[in-house]
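Let me begin by presenting the structure, written as structure tokens, before commenting on it.
Heavy-atom basis, side chains included; hydrogens, waters and symmetry copies ignored.
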Amino acid sequence: MVTQKSGKRGLNAVTAALMLSVGTAAGYLAHRRTLDALLRANAELLRRLETLEEERRRATRRADRIEYQRDHRNLLLAGMRDPDLLPVLDAYDAAVSPQVQKQYLFANALYVHAVHGYRTGLLSRAELRGYVRGLFQSPAMRAYWDATSHHRASLPDGSEEAEVGRMTDELLAELDDAETEEWWVVGNPADETPH
């Protein structure tokens, strides 16, 4: 009679199939871990790229502001040098002489210079207030500010320029109400937080 040896051979096939599926699962898990690590690294790389892109946008915006400021200054200088150009820059409610208009244009250049320093981070808010506090000791500067109040009234309420204008108005009111001749100490130091 022929004896069958089914036990060992059948077990080998089952074992082989089981080992193959365990090996496949282990390979899948190892592959999955590698894939997860790559996905995490990719996500971190994307965050870094987004940060770099945001920094590039801010640097470009800052460079554009600097160029715009330079153009503004050059246009004002051209208007101050050439009396024929002064009427183009006359945007005041009342008539002003060419001499006064040149003073207003220079006052505007000084004020815009301070605001630009604040916007670019070269001046803190405290430093801007200090600069404005000294700048507006001049009667010509005060006359310019009064003559251009309608310009500031047209600024968008939440804009940085409108905010600086309000700060200047408040500081001038404090200077007017001060009971001291020591103008350099007038103003609320608590408002003078860094930019």
Are more than 12 heavy atoms, taken from residues, nucleotides or ligands other than [X], located less than 6.0 Å from that residue's [atom1] atom?
| X | atom1 | answer |
| --- | --- | --- |
| Glu55 | CD | yes |
| Arg58 | CZ | yes |
| Arg61 | CZ | no |
| Asp157 | CG | no |

Taking every non-hydrogen atom, the tightest pair across [X] and [Y]:
| X | Y | value |
| --- | --- | --- |
| Glu160 | Tyr118 | OE2-CE2, 3.7 Å |
| Pro156 | Ala162 | O-CB, 3.3 Å |
| Gly165 | Trp145 | O-CZ2, 3.8 Å |
| His150 | Ala147 | CE1-O, 3.1 Å |
| Val112 | Gln69 | CG1-OE1, 3.0 Å |
| Arg65 | His116 | O-CE1, 3.4 Å |

Distance (rounded to the nearest 0.5 Å) between [X] [atom1] and [Y] [atom2]:
| X | Y | atom1 | atom2 | result |
| --- | --- | --- | --- | --- |
| Arg56 | Leu52 | CZ | CG | 10.5 Å |
| Met80 | Leu85 | CE | CG | 11.5 Å |
| Gln103 | Phe106 | CD | CZ | 10.5 Å |
| Ile66 | Asp71 | CD1 | CG | 12.5 Å |
| Arg133 | Thr168 | CZ | OG1 | 11.0 Å |
| Leu38 | Asn42 | CG | CG | 8.5 Å |

Taking the side chain as every heavy atom from C-beta outward, state whether [X] and [Y] have any atom pair closer than 4.5 Å.
| X | Y | result |
| --- | --- | --- |
| Leu128 | Val164 | yes |
| His151 | Asn108 | no |
| Met167 | Arg125 | yes |

Pairing of Glu50 and Arg47 as salt bridge, 4.0 angstrom limit: no
Electrostatic pair Glu170-Arg166, nearest N-O below 4.0 angstrom: no
Under a 4.5 Å side-chain heavy-atom rule over Ile, Leu, Val, Met, Phe, Trp and Tyr, are [X] and [Y] clustered together?
| X | Y | result |
| --- | --- | --- |
| Leu155 | Tyr92 | no |
| Tyr111 | Leu75 | no |
| Leu77 | Tyr104 | yes |

Flag, side chain of [X] to backbone of [Y], donor-acceptor distance under 3.5 Å:
| X | Y | result |
| --- | --- | --- |
| Ser138 | Met141 | yes |
| Arg73 | His113 | no |
| Glu127 | Ser124 | yes |

Test log, rule salt bridge (charged side-chain N to carboxylate O under 4.0 Å, His left out), inputs Arg40 and Asp36: CA-CA 6 Å; Arg40 281 191 302 275; Asp36 287 346; 5.0 Å; no
Tyr131/Leu110 under side chain to side chain contact (heavy atoms under 4.5 Å, CB included): CA gap, chis, key distance, verdict: CA-CA 10 Å; Tyr131 184 88; Leu110 289 172; 4.0 Å; yes
